[in-house]
Amino acid sequence: MHTEGIAQKIYSTNKGSISFRSDAPLELITASSNELLGRVDIEKKIFAFIIKINSFAGFNSPLQREHFNENYLETTQFPTASFTGKIIEDIDFSIDGTYTIRAKGSLSIHGVVQERIIKSEVTVKKGLINIKSDFTVLLSDHNIAIPKVVHEKLASEIKVEVKADLTSP
Amino acid sequence: MNNALYRFVFITAAFFFFSEVNAQLAGYNSFKLEKDNRQVKINTLFKNNQGYLYAGTDNGLYKFDGIKYTRINFNNAEFNDTVTAIFQDRGNKMWIGFRSGRIANVINNKLQYFNPEEGTPQKKITSFLQDSEGNLWFSTQGEGVYCLKQKRLYLVNADDGLSDNNVSKIILADNDEILAGTDQGINICTFKNGKKTISVIGTQEGLPDYIVTEIIKAGKNAFWIGLQDKGFCLYDRSNNKITIPKAAEEWKPGQINAMLQAQDILWIATQNNGFYKYTPHTNSLSKVPESEVGNNINALLEDNQGNLWLSSAGIGLVRSPGESLKLIPIPGSPPFEHIHTILCDRNGNIWLTNKANELIKFSAKNGSSSEQKLHLNGITEKTDITSLFEDLYGNIWVGSMGKGIYIVNPKTFKYRVLTENNLFINSSILSINGKENTVFCSSLSGAMVVELLPENKDIFNSYRFTNYDNKSTGTNYIYSIFKDSRGRILFATDGKGLTMLRDDRFTYYNDLEKIKDNRIYSITEDRKGNIWFSTSNAGIYKFDGKAFVNFGINEGISNLNISVLKTDNAGNIIVVHKTGLDILDPETGNISYIGSGQGLSEINAQDIGAVTNDTAGNIMLSTVAGILTYSSQPNAVQRPVTLIESVQLFLKDINDTTWHVFSHDENNFTFNYTGLYYTDPEKVFYKYKLEGFDTNWVITNDRTKNFPKLGPGRYSFRIQSALNRNFNNADEATYSFIIKQAFYKTWWFILICLLAIASLLYLYIKNREKELKKIESLRQEKIQFQFEVLRNQINPHFLFNSFNTLISAIEDEPHQAVEYAEHLSAFFRNVVNQRDKDLITLNDEINHLYSYIFIQERRYGEWLMMDILVSEEQKKVFYVPPLSLQLLLENAIKHNAVSKEAPLHIRISVTEDNYLSIRNNKNAKSGKEKGAGMGLQNIISRYKLLTDKPVTVINDRQYFIVLLPLLN
């Protein structure tokens with residue numbers, strides 16, 4: 001099937017979108033980035049996604065962004081977050097259709113790696129793979145400390161949404 | 001010595017051979033689960049914390065109470081899923097795994113899918129477990145093993161080093177190690193602090209087969225491993241050693257589907273070859289005949305009463321009594337209805353008699369069984385053999401009806417008739433028993449106690465005996481004799497009841513105590529030294545040395561037609577009757593029952609000798625179906641567990657079972673309950689009482705009870721279940737609830753009502769008081785007004801002026817004087833007539849006014865000008881207090897000069913907003929007249945009582961205006 005060369009097996013993007021949302025009692029924080037890099041090897045069923053933390057924009061205020069980068073995620077020390085691993089389901093991505101898949105891999109945020117299973121909806125259409133996924137990140141899982149003062153302003157669970165269109169070159 | 005040792009070895013081998021190879025399971029009962037007349041396939045069996053059985057099937061989840069299946073539906077009725085795994089965690093939450101890979105919980109008796117954020121597996125769920133930290137693990141056929149840790153799902157699969165993603169079973173070992181049986185050996189997994197470790201036990205480590213199909217716990221950190229092709233083995237996790245039992249070395253039956261360890265027995269279910277029983281300590285393996293359970297068995301379970309359950313592809317759910325009842329097949333044996341007596345000798349040989357009353361010794365040797373027959377001279381088809389006894393030296397005593405006692409050497413089969421005792425020659429023997437070197441023979445002509453001497457090893461030496469007849473025992477009819485642990489000899493007699501011989505003295509208990517029956521058949525002793533005996537129709541008695549306690553139907557004995565009492569291997573008292581056995585725990589008095597449900601029927605209960613103890617102390621009895629052994633399992637005498645399955649309100653399940661407060665019209669309750677007793681569920685009786693409603697307990701065998709139209713109050717539904725109507729130690733379940741008063745009957749509502757009524761009453765009284773005051777003040781005002789008016793009219797000035805005018809008129813114009821006097825008279829009449837009325841029409845008032853005006857015009861001539869601008873219509877519609885206009889006119893005339901220089905102009909008109917305006921121009925007099933202001937004030941007061949509209953007085957520079965509200 002995939003005899004046309006290595007290029008056919010690897011799908012990638014460098015402008016996937018990722019957004020997060022912290023819905024705390026006192027404050028709603030959202031931010032997003034369109035600089036998600038992603039790569040999926042549809043034959044080996046492995047994948048890697050990576051995002052520069054400082055590319056997140058759209059905070060309520062510049063101060064909030066500063067806190068996000070300096071206090072919580074310590075961007076200078078841990079500049080990226082990533083998710084790499086393998087797809088659990090055995091799905092033939094060469095056939096057009098919409099699939100619900102689960103990806104098992106290592107989620108690295110704030111320098112802490114957690115094993116995660118993330119459910120995604122994958123739509124394959126004419127050589128384009130669209131991935132849609134949402135999942136939650138527990139701040140405590142990744143050693144992101146919330147000062148008591150802002151504890152009403154920052155949810156302990158952050159909702160993350162990812163959308164990416166991957167193409168093979 | 002050598003010989004003896006050899007014999008011992010032979011004996012044990014023979015015995016085990018006997019009990020292991022030839023023993024069958026008795027009493028299989030199948031419980032078909034069908035839907036649309038097709039058998040529903042059961043995939044897995046589960047017992048929850050209460051002991052309730054669940055079956056996971058191709059048609060979803062069912063629970064089974066021993067009689068009927070109840071399907072547990074999804075909360076969405078359209079869902080259906082094939083159940084492949086069932087589990088209950090330590091928080092009592094049930095987890096159901098499906099072939100689809102999905103997982104559900106049972107919430108309020110309904111299945112509800114579990115939807116973790118991570119999604120659910122796509123491959124069949126095979127098993128669950130919960131580790132010591134409370135994490136839930138489950139295995140899948142194709143995706144490895146998942147771990148649900150604090151709401152987050154983790155996966156251990158081939159990527160982590162799992163040898164294969166097909167996992168058939170996981171089980172918890174010590175230190176939170178998870179043993180996973182896969183298609184590539186056993187994997188030992190741990191998942192601690194986010195770190196996974198996996199080690200593999202495969203064929204290289206000694207596992208006979210790489211496909212593991214089943215793992216169960218065998219002991220402390222040791223596990224039985226069931227394999228696809230190579231049988232089973234024992235894996236000891238503590239030393240990492242695999243042991244292959246000899247019986248499994250050349251395994252032929254094929255794939256093992258399920259295993260179960262019950263006490264010392266390992267039960268093995270196979271895919272194609274039925275059901276096996278393995279006894280580890282003897283290393284013996286035997287197969288249960290296929291016809292009873294089918295070939296393809298996929299699940300095994302032991303219930304809380306020790307019954308063994310299996311699900312068979314062909315037959316459905318099958319219950320067997322497990323190890324408790326075993327049929328001993330005796331090939332070529334006589335029809336069992338002719339067996340009056342059986343004996344299991346110390347070598348495990350079984351002695352019995354056939355129709356011709358020949359003595360048969362049945363023994364098993366080297367894998368084959370053999371029987372020896374002995375015809376006893378003098379015994380014919382008509383001479384029943386009633387009793388068999390093996391004495392201290394192994395010689396067999398045979399008691400007959402009418403031919404006395406024979407003694408047989410079991411090896412040589414030489415025998416003789418006991419002739420040395422005249423009393424027993426040709427006597428009818430009822431029983432022979434004994435203890436140590438004593439033999440007791442009971443007959444219709446008395447009793448004989450034989451003391452065995454060493455020379456009695458040889459049956460041809462004579463015996464020393466003592467006879468007891470009616471002079472000592474009270475009667476010649478003696479059924480049996482029993483020597484208890486204190487050396488007392490007890491006689492079970494016909495006619496004299498229980499007689500005891502102690503220190504050469506006889507005690508006749510039936511003469512001394514209230515024992516309801518003088519016919520006693522059988523005596524035994526429990527482990528505490530209490531004596532138990534059975535009577536012909538009054539049940540059984542317990543005698544603790546001081547008092548006699550009777551056990552009858554009410555105490556739980558299921559049938560009073562009792563033949564024999566025996567004490568079994570577990571110390572329970574076994575009560576034998578034709579239809580079954582009552583198993584009585586002498587410690588608690590609890591009684592359970594086995595009977596036809598376990599395959600026990602048509603017990604030979606006619607003869608005392610038809611029940612005996614085997615070498616292991618089990619009860620051996622003869623039935624029409626054959627000879628059976630019964631051995632009490634640890635939970636044999638377990639009472640039913642009472643459960644309230646559901647509570648319904650107007651026949652709809654009450655969902656939240658913790659909130660038990662209902663409103664006054666929620667008053668129709670139905671309770672569905674079960675006494676879980678899988679051994680014989682039909683035998684369970686229920687006793688209920690609704691505290692707050694019933695005054696007495698009600699005994700029923702219905703499993704549902706409805707209470708319609710309960711009044712408000714506090715209730716507690718108490719339900720007990722027991723076998724045989726003996727509720728002494730019954731398990732009880734309760735459901736307490738409150739039906740609230742209707743709000744209109746609650747004290748606070750009544751109080752509020754009373755308060756409301758009281759305040760209404762208060763307001764009414766207040767109002768009425770006010771009204772009365774108003775009326776009173778109106779009256780006062782009126783009187784005041786009348787007084788004012790009268791005072792004005794009788795004012796000397798007015799009279800003086802009027803009379804002066806009259807005098808001048810009489811002089812100048814006599815006919816006008818008459819008219820004047822008439823008006824004056826009419827004026828006073830008006831005043832007098834109107835004074836009592838509250839209101840008069842404007843028309844009347846204005847008419848009266850004309851008389852006054854006439855009088856005044858005579859005095860002031862044209863300098864007093866009156867304009868009355870009121871339409872006829874208005875005059876009829878509106879009302880005013882009487883004399884009010886007149887008073888205002890008087891005021892105007894009184895307070896103003898009326899002269900040529902200053903004429904007084906009074907205008908009466910109706911304003912747009914229905915006020916009567918009385919306006920005059922102001923020619924103020926220099927001196928103020930007395931009583932000034934009284935009249936106007938009086939009018940204002942009167943109006944206040946009549947209407948809310950105020951009387952307005954406008955006093956500007958030019959005019960004095962009074963606006964009177966017009967009343968309809």
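Residue numbering restarts at 1 for every chain, and letters A, B, ... go by the order of the sequence lines. No experiment lies behind these values; they were computed from the predicted model shown.
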(request) Identify which part of B:Asn165 has an atom lying under 4.5 Å from any heavy atom of chain A, answering side chain, backbone, both or neither. (result) neither
(message) Using a strict threshold of under 4.0 Å (side-chain N to carboxylate O), is an ion pair present between A:Arg102 and B:Glu143?
(response) yes
(request) Determine whether more than 12 heavy atoms belonging to other residues, nucleotides or ligands lie under 6.0 Å from atom NZ of B:Lys41. (result) yes
(message) With a sphere of 6.0 Å drawn around CZ of B:Phe87, does it hold more than 12 non-hydrogen atoms of other residues, nucleotides or ligands?
(response) yes
(message) Rounded at 0.5 Å granularity, tell me how far OH in B:Tyr154 sits from NZ in A:Lys104.
(response) 12.5 Å
(request) Let me know if A:Ser120 has heavy atoms under 4.5 Å from chain B in its side chain, its backbone, both or neither. (result) neither
(message) Check this for me: B:Arg237, atom CZ, are more than 12 non-hydrogen atoms of other residues, nucleotides or ligands nearer than 6.0 Å?
(response) yes
(request) Give, as side chain, backbone, both or neither, the part of B:Lys196 having an atom under 4.5 angstrom from any heavy atom of chain A. (result) side chain
(message) With a 3.5 Å distance limit and no angle check, can you tell me whether A:Glu115 reaches the backbone of B:Gly194 through a side-chain donor-acceptor pair?
(response) no
(message) Does this structure show an ion pair linking A:Lys86 with B:Asp160, if we count only N-O contacts that are shorter than 4.0 Å?
(response) no
(request) Working to the nearest 0.5 Å, report the span between CD1 of A:Ile88 and CG of B:Leu155. (result) 4.5 Å
(request) Verify the neighbour count for atom CZ of A:Arg65: are there more than 12 heavy atoms of other residues, nucleotides or ligands below 6.0 Å? (result) yes
(message) Counting C-beta onward and ignoring hydrogens, is there a side-chain heavy-atom pair between B:Arg152 and A:Leu138 closer than 4.5 Å?
(response) yes
(request) Hey, could you give me the CD1/CD distance between A:Ile117 and B:Glu117, rounded to the nearest 0.5 Å? (result) 10.5 Å
(message) Other residues, nucleotides and ligands only: do more than 12 of their heavy atoms fall within 6.0 Å of NZ on A:Lys163?
(response) no
(message) Under 4.5 Å from any heavy atom of chain B, what part of A:Asp141 do you find: side chain, backbone, both or neither?
(response) side chain
(request) Please say whether more than 12 non-hydrogen atoms of neighbouring residues, nucleotides or ligands are located less than 6.0 Å from NZ in B:Lys217. (result) yes
